[in-house]
Amino acid sequence: MSEKNLVTAVRDALHDELAADDRVVLLGEDVGNRGGVFRVSAGWMEEFGEDRIIDTPLAESGIVGVAIGMAMHGMLPVAEIQFADFIFPAFDQIVSEAARIRYRSNGDFSCPLVIRTPCGGGIHGALYHSQSIEAFFAHVPGLKVVMPSTPFDAAGLLRSALRDPDPVLFLEHKKAYRAVTGDVPDGPYEVPIGLADVKREGDALTCVSYGYTLHICLEAAGRLAQEDGIEVEVVDVRTLAPLDMVTILDSVRRTSKAMVVYEDNRTYGAGAEIAATIAEEAMDDLDAAIVRLGGPDIPAMPFAAPLEHFFMDPEPDHIYRRMRELALA
Amino acid sequence: MSEKNLVTAVRDALHDELAADDRVVLLGEDVGNRGGVFRVSAGWMEEFGEDRIIDTPLAESGIVGVAIGMAMHGMLPVAEIQFADFIFPAFDQIVSEAARIRYRSNGDFSCPLVIRTPCGGGIHGALYHSQSIEAFFAHVPGLKVVMPSTPFDAAGLLRSALRDPDPVLFLEHKKAYRAVTGDVPDGPYEVPIGLADVKREGDALTCVSYGYTLHICLEAAGRLAQEDGIEVEVVDVRTLAPLDMVTILDSVRRTSKAMVVYEDNRTYGAGAEIAATIAEEAMDDLDAAIVRLGGPDIPAMPFAAPLEHFFMDPEPDHIYRRMRELALA
Amino acid sequence: MSTRVAQPLHETLGLTSDDLLAMYRIVLTARLLDEASLRQNRMGRAPFVVPAEGHEACQVGTAWAMRKGVDVWLPYYRDTAVVLTAGMTPYELFLGIFAKADDPSSGGRQMPSHWGCKRLGIITSSSPIATQLPHASGIAYAMKYRGEEAVVAAWFGDGATSEGDWHEALNFAGIHKLPVIFVCENNHYAISVPQAKQMAVQDVATRAEGYGFPGVVVDGNDVLACYAAMKTARERALAGEGPTLIECKTYRFLGHTSDDDDKTYRTRDEVAEARGHDPVEVFSTYLADHGVLDTHGADELRTQVKEEIDVAIATAWDAPDPTPESAMRHVFAEEPA
Amino acid sequence: MSTRVAQPLHETLGLTSDDLLAMYRIVLTARLLDEASLRQNRMGRAPFVVPAEGHEACQVGTAWAMRKGVDVWLPYYRDTAVVLTAGMTPYELFLGIFAKADDPSSGGRQMPSHWGCKRLGIITSSSPIATQLPHASGIAYAMKYRGEEAVVAAWFGDGATSEGDWHEALNFAGIHKLPVIFVCENNHYAISVPQAKQMAVQDVATRAEGYGFPGVVVDGNDVLACYAAMKTARERALAGEGPTLIECKTYRFLGHTSDDDDKTYRTRDEVAEARGHDPVEVFSTYLADHGVLDTHGADELRTQVKEEIDVAIATAWDAPDPTPESAMRHVFAEEPA
Ligand SMILES: Cc1ncc(C[n+]2csc(CCOP(=O)(O)OP(=O)(O)O)c2C)c(N)n1
Ligand SMILES: Cc1ncc(C[n+]2csc(CCOP(=O)(O)OP(=O)(O)O)c2C)c(N)n1
Ligand SMILES: [Mg+2]
Ligand SMILES: [Mg+2]
């Protein structure tokens with residue numbers, strides 16, 4: 001066991017995979033000499049060679065498209081998109097190509113590709129270095145979408161992603177990169193894709209979240225326990241697609257109250273699917289209306305500190321307050 | 001009043017706008033001599049000139065990007081994407097550019113752009129000429145997303161879209177193009193963007209839908225009235241973004257039962273937002289769990305007739321049967 | 001090897017009479033297959049078909065230089081004759097046209113002509129134009145990385161050159177000097193959009209220089225010229241010298257697909273003038289001139305191929321449809337049973 | 001007008017001494033503004049700044065040929081000196097750097113250097129690289145359509161040339177012979193990625209031919225060479241002859257942004273060698289050589305500019321922040337109150 005932050009857990013796991021299997025390559029902008037803008041691959045170009053740590057041209061569609069070709073010809077590419085906000089030029093290659101290759105070929109071809117990208121806000125990234133992108137991709141049949149909230153899950157899920165025979169979009173929250181630390185086993189282990197995880201047990205209500213927001217929920221739950229003696233169960237979605245509604249519904253049925261919290265713009269966000277499914281499947285078990293908290297429906301966080309803060313926390317402690325309200329309802 | 005089908009209503013409205021205002025131009029692949037693959041602009045190149053009916057290179061990002069430039073310089077471009085399935089290369093221009101121009105410039109610039117595209121399946125279009133795309137775009141702050149289900153709404157909403165100071169994605173269901181006909185006033189009129197519409201009144205339950213699927217719902221409601229004496233209220237969403245939950249909630253509160261039906265892949269589809277909001281806002285008014293019906297989570301319809309049919313109607317009359325079930329629940 | 005005077009071109013290129021006959025058989029098969037599939041379309045048995053008529057020589061010429069079982073193919077929807085050269089049979093093609101369960105490309109899930117077959121090295125393809133080009137570069141990268149003695153070829157139309165993906169793919173291939181050949185079948189139209197509205201240049205090949213590799217223009221009606229260009233490009237790729245962009249000037253004799261009416265955008269005179277250089281005729285004349293195939297032999301071949309196609313159609317038509325529930329399969333890898 | 005022997009270059013180009021002084025003032029302002037903003041960054045008052053150092057001459061040289069109030073500007077984030085030439089003031093720039101409510105570009109919503117100002121004809125810009133290029137072509141189309149006597153210019157880096165949007169924009173502009181000028185500030189790096197991994201060619205300008213218009217290479221350290229190229233391009237555009245691609249060879253002296261550490265990917269020797277051709281020095285030498293500005297005058301100017309910047313910083317720092325709730329505004333047009 002070692003204590004690490006999330007970005008270090010990602011780095012170490014990826015490093016081990018590169019060392020263990022030369023079908024694995026990393027390609028993206030500035031992954032070479034610069035070691036990536038978050039230093040994930042610092043020193044790897046020397047260690048693994050220029051043909052495995054590939055500085056690409058500034059062209060996201062090309063990065064993903066080339067990686068798809070590699071994946072169809074015996075390699076295990078990890079495509080890095082420098083910021084999630086810049087994945088949109090590659091939307092067509094991801095949605096129309098990577099996600100469709102198995103289906104359209106009736107199972108003849110497969111595309112074992114991992115796309116890693118740092119997402120989310122709260123780091124003064126302004127409109128184009130702060131966005132949440134999971135809702136766009138979780139809707140795509142044929143694509144898996146993973147978003148770990150802890151270093152343990154990050155390393156374990158990344159290994160699973162690399163062993164997955166289908167394309168996986170691996171989302172790393174930038175604020176969690178250094179802000180979130182935790183124990184990580186030294187040996188290799190996997191966290192299966194497609195399973196949610198109860199990160200805190202409780203009986204008063206079920207709070208479903210993921211990514212960095214999960215930690216704000218855990219904090220609020222901790223405060224509620226301390227100050228009000230209320231125990232909130234916090235479920236980490238971990239995998240947006242395929243979505244593990246079994247774990248979520250099981251918790252909701254036990255606590256009889258549900259809230260869903262996410263950083264992304266609220267309307268048509270990923271939390272809508274979770275809330276809708278709870279409503280369809282567990283309405284009779286609910287003691288109160290579902291509460292859904294998402295970001296305001298404005299382009300992701302403006303730059304000026306007061307504006308960015310407004311996006312993350314439109315009213316002081318809004319997650320804590322809504323959690324308390326629901327628990328007491 | 002004249003009776004027309006949906007594609008004719010679109011054509012006539014667009015024609016009048018072109019004739020009335022020379023800031024309006026149409027650009028896209030094959031819109032010129034070919035008159036578009038659905039013949040919307042047949043004859044217009046001669047009528048309005050090559051500089052207003054612009055055959056573009058085969059490049060969707062360029063089409064939208066160029067149209068954005070035009071929109072920022074005094075023109076009112078209508079960009080046609082030949083099939084909705086081919087809009088993905090333009091995802092970045094639509095989401096990062098068109099939808100952000102007003103917000104990022106703090107209101108200094110605007111982007112009065114209409115993007116028209118034929119979407120949806122049931123016309124043997126196979127995986128790449130059948131997709132529903134509304135869920136991807138309705139989630140984007142700064143973008144309006146409209147999807148008329150009748151010729152009347154199509155013409156009225158298209159006029160509103162052209163007068164809107166912000167970008168509007170205008171979705172035209174290919175199966176509705178010729179299958180759906182209705183009365184359309186001869187003079188100009190507008191249908192406001194952002195209002196849902198009760199297409200059939202009833203008290204037994206509220207069925208929320210849009211696009212071609214709305215007509216299957218209306219058919220089912222008609223059959224229920226005839227065969228079972230059950231009156232279902234059918235609400236046409238019409239505008240996916242901004243979403244008119246007031247009209248929808250008002251209906252649900254009256255009928256106390258809700259179902260949401262859409263053609264797109266079910267999971268993380270647009271219906272999730274509608275169902276989730278009903279659950280949050282009207283749970284106490286509901287007499288039964290919300291029913292949500294979406295397409296199977298497979299890439300949009302395969303080509304072979306049995307497979308396409310399976311997508312549209314996985315079990316015989318599945319919409320009618322679920323509607324009846326809910327009404328009797 | 002020095003070239004003797006009057007040595008026929010095909011011999012210069014290392015092609016035997018048998019090679020020529022095999023090539024011609026494919027050219028003819030493609031042509032007759034087009035006619036047959038359009039008949040099926042008119043009969044209401046094939047909702048959608050894509051004719052290749054006019055492109056046969058440039059398709060077979062370029063494809064013939066590929067090494068089967070080794071090289072990798074990324075054809076586009078018009079490439080009937082490319083996939084025939086790669087090893088697909090008329091029967092397999094009609095399984096696709098009739099959307100049958102055993103269609104090797106997609107089991108009837110995709111429109112006809114959306115080729116793919118792992119066994120033959122034909123990469124699965126989609127409808128969005130030009131998306132296969134970055135894949136071609138990626139596969140070529142993998143070949144180089146793995147030290148394979150092989151090349152990749154990707155075919156596409158003039159319209160495809162306008163997509164961003166085209167640019168990004170060629171740029172990547174040029175930077176890494178990848179063993180990939182880009183073949184443009186320039187028929188001067190993208191559906192109805194004429195070349196002058198697609199690009200401001202006469203030759204797509206002009207663009208290659210900007211990616212740091214050669215671009216060549218060949219007469220797409222001349223099967224041997226196409227073969228020669230491809231052979232050189234393949235040798236260059238294998239030698240580690242990088243990509244080549246080959247532009248074949250060709251013409252599409254029929255509508256874009258069975259859904260198109262080309263009278264809206266082309267004069268009949270223009271089409272007639274292009275038919276004056278019919279690549280099938282050009283090839284058969286060459287064969288006759290060089291004593292490879294006389295009129296009698298040609299007629300016999302035509303009868304044979306026609307028969308093969310008729311049998312293919314009859315057998316494919318009777319093949320089973322996919323079952324409705326099978327639509328749910330292969331979204332993700334299936335758990336081993 | 002015939003050129004007299006020994007006529008100074010600037011006169012040949014129609015520039016007066018006053019013009020040169022005005023240009024030099026902007027070059028110097030950009031340089032000193034960089035230094036000042038990096039100081040603000042180290043002081044913790046500016047979380048993020050983008051230095052232009054090294055690019056000043058090519059920015060001012062190209063921008064000076066534009067006609068203010070008529071032409072349209074699409075600069076990218078490094079173009080401090082372009083927007084100064086277009087009419088933005090140091091005060092306005094610091095409003096952006098400090099993310100103040102009155103920042104003309106975005107009211108503090110975007111990162112600094114994401115320029116935009118309708119009044120000045122500077123089109124709002126974003127972070128995704130190369131997206132402004134299709135806009136430039138669209139605006140140029142609108143100008144032509146509306147019969148305006150004006151041009152559009154878009155600036156971008158060498159990295160931007162790899163994006164699909166770059167290709168699609170240039171292709172469209174070439175087809176319609178639009179009045180647009182594409183200016184590449186080639187500093188040989190995209191963050192850390194060297195030109196050799198960005199493209200297989202020496203000169204970006206090589207690519208212009210493939211779009212049917214001229215590409216020219218100029219020394220980006222030579223403000224007059226850049227001006228001359230731009231002037232010619234503008235005349236060409238106004239004459240209806242279409243676009244030009246101008247490539248300015250330049251170098252970025254500092255890190256990519258205040259967040260970057262360029263030591264990971266460039267040797268200090270390389271940077272020092274580039275600094276040997278500092279465009280500010282080159283320009284001031286020209287001015288001294290031609291008796292336009294002597295050392296004393298230069299020192300005075302520097303003091304003036306410094307003062308202006310200091311005042312700008314002090315005033316901008318005290319300007320009001322945006323209010324939190326204002327974050328909800330301008331997603332869509334607001335109803336007239
Ligand atoms: C991304 C995308 N946009 C549009 C289309 C519709 N479309 C299909 S084929 C075609 C024209 C292609 O022309 P070209 O590349 O010249 O090939 P050709 O058909 O002439 O052989 C178009 C516009 C598409 N399939 N994909
Ligand atoms: C689409 C997109 N991908 C990646 C980035 C991250 N990024 C910002 S600047 C930059 C390098 C740009 O280099 P270049 O165009 O040469 O301009 P320079 O900074 O050298 O002036 C990159 C990769 C981005 N902003 N947008
Ligand atoms: Mg063509
Ligand atoms: Mg650069």
Side-chain angles (χ1 to χ4, degrees), chain A residues 22-23 25 27 49-52 54-77 79 89-90 92-93 95-113 140-144 164-168 193-194 241-242, chain C residues 72 74 101-110 114-119 121-128 130-146 148 150 152 163-165 167-176 178 180 322 326-327 329-334:
Chain A
D22 65 9
R23 292 173 306 167
V25 296
L27 70 163
E50 277 189 66
D51 56 344
R52 296 189 63 200
I54 307 162
D55 261 338
T56 63
L58 209 173
E60 288 74 14
S61 188
I63 292 171
V64 174
V66 160
I68 290 170
M70 292 172 169
M72 288 197 288
H73 202 74
M75 295 174 75
L76 297 173
D92 192 42
Q93 281 291 344
V95 174
S96 305
E97 299 300 320
R100 301 291 193 251
I101 277 169
R102 185 182 296 279
Y103 192 84
R104 79 183 186 212
S105 67
N106 207 22
D108 197 20
F109 283 84
S110 65
C111 183
L113 160 68
V140 178
L143 188 66
K144 299 185 180 179
D164 201 283
D166 288 299
V168 179
I193 291 175
Chain C
V72 167
L74 292 104
D102 291 337
D103 156 34
S105 294
S106 75
R109 290 170 169 211
Q110 293 211 74
H114 285 55
W115 326 105
C117 182
K118 201 165 186 178
R119 178 177 46 87
I122 302 171
I123 301 297
T124 172
S125 55
S126 62
S127 302
T131 51
Q132 80 275 28
L133 297 162
H135 306 174
S137 296
I139 294 167
Y141 190 97
M143 283 177 172
K144 190 172 174 178
Y145 179 75
R146 293 151 51 118
E148 295 173 16
V152 184
E163 285 284 1
D165 272 5
H167 172 66
E168 300 187 14
L170 271 72
N171 189 36
F172 189 87
I175 291 166
H176 293 280
L178 298 178
V180 51
S326 71
R329 294 190 58 190
H330 302 306
V331 176
F332 292 115
E334 300 182 347

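So you know, we letter chains A, B, ... as the sequences are listed, proteins then strands, and number each from 1. Only heavy atoms go into these numbers, but all of them, side chains included; no hydrogens, no water, no symmetry mates.
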A.B. asks: Is the shortest side-chain heavy-atom distance between A:Arg104 and C:Gln110 below 4.5 Å?
C.D. replies: yes
A.B. asks: Could you tell me which portion of C:Ile123 (side chain, backbone, both or neither) has an atom closer than 4.5 angstrom to a non-hydrogen atom of chain A?
C.D. replies: both
A.B. asks: More than 12 heavy atoms of other residues, nucleotides or ligands under 6.0 Å from CD of A:Glu50: yes or no?
C.D. replies: no
A.B. asks: Does the side chain of C:Ser126 pick up a donor-acceptor pair with the side chain of A:Glu97 at under 3.5 Å?
C.D. replies: yes
A.B. asks: Would you mind checking which part of C:Ala327 comes under 4.5 Å of any heavy atom in chain A, side chain (CB onward), backbone (N, CA, C, O), both or neither?
C.D. replies: both
A.B. asks: Within this structure, what is the OG-CZ distance for the pair C:Ser106 and A:Phe109, rounded to the nearest 0.5 Å?
C.D. replies: 12.0 Å
A.B. asks: In terms of heavy-atom proximity below 4.5 Å to chain A, should C:Ser127 be classed as side chain, backbone, both, or neither?
C.D. replies: neither
A.B. asks: Measure A:Asp164 against the heavy atoms of chain C and call it side chain, backbone, both or neither at under 4.5 Å.
C.D. replies: neither
A.B. asks: If contact means a heavy atom pair closer than 4.5 Å, which residues of residues 133-140 of chain C contact chain A?
C.D. replies: C:Pro134, C:His135, C:Ser137, C:Gly138, C:Ile139
A.B. asks: Give, as side chain, backbone, both or neither, the part of C:Ile122 having an atom under 4.5 angstrom from any heavy atom of chain A.
C.D. replies: backbone
A.B. asks: With only heavy atoms counted, which part of C:Ala169 is less than 4.5 Å from chain A, the side chain, the backbone, both or neither?
C.D. replies: neither
A.B. asks: Can you list the residues that meet the salt bridge (charged side-chain N to carboxylate O under 4.0 Å, His left out) rule with A:Arg52, with sequence neighbours excluded?
C.D. replies: none
A.B. asks: Does C:Arg109 use its side chain to pair, donor to acceptor, with the backbone of A:Ser105 at less than 3.5 Å?
C.D. replies: no
A.B. asks: Looking only at atom types and distance, does a side-chain atom of C:Tyr145 sit under 3.5 Å from a main-chain N or O of A:Arg23, one as donor and one as acceptor?
C.D. replies: no
A.B. asks: Is it true that a side-chain atom of C:Arg146 and a backbone atom of A:His73 form a donor plus acceptor pair closer than 3.5 Å?
C.D. replies: yes
A.B. asks: How far does NE2 of C:His330 sit from CZ of A:Arg100, to the nearest 0.5 angstrom?
C.D. replies: 16.0 Å
A.B. asks: Would you say that C:Thr124 contacts A:Arg102 through its side chain, given a criterion of any heavy-atom pair below 4.5 Å between the two side chains?
C.D. replies: no
A.B. asks: Answer with side chain, backbone, both or neither: which region of C:His176 has an atom nearer than 4.5 Å to a non-hydrogen atom of chain A?
C.D. replies: side chain
A.B. asks: Are A:Tyr103 and C:Arg329 close enough, and set up right, to give a side-chain contact (heavy atoms from CB on, under 4.5 Å), and what steps lead you there?
C.D. replies: CA-CA 7 Å; A:Tyr103 192 84; C:Arg329 294 190 58 190; over 6 Å; no
A.B. asks: What residue, out of A:Ile54, A:Leu27, A:Asp51, A:Asp22, has the most heavy-atom pairs lying under 4.5 Å from chain C?
C.D. replies: A:Asp51
A.B. asks: Between the side chain of A:Asn106 and the main-chain N/O of C:Ser105, is any donor-acceptor distance below 3.5 Å?
C.D. replies: no
A.B. asks: For a quick test of your reading: what N or O donor-acceptor pairs under 3.5 Å do the side chains of residues 55-65 of chain A make, sequence neighbours left out?
C.D. replies:
| residue | atom | partner | partner atom | Å |
| --- | --- | --- | --- | --- |
| A:Asp55 | OD1 | A:Asp30 | N | 3.1 |
| A:Asp55 | OD1 | A:Val31 | N | 2.9 |
| A:Asp55 | OD1 | A:Gly32 | N | 2.9 |
| A:Thr56 | OG1 | A:Gly28 | O | 3.3 |
| A:Ser61 | OG | C:Asp165 | OD1 | 2.5 |

A.B. asks: With the side chain counted from C-beta on, respond yes when C:Pro128 and A:Asp92 share a heavy-atom pair under 4.5 Å apart, and no when they do not.
C.D. replies: yes
A.B. asks: For A:Asp108, enumerate each residue passing the side chain to side chain donor-acceptor pair (under 3.5 Å) test, keeping only those at least two apart in sequence or located in another chain.
C.D. replies: none
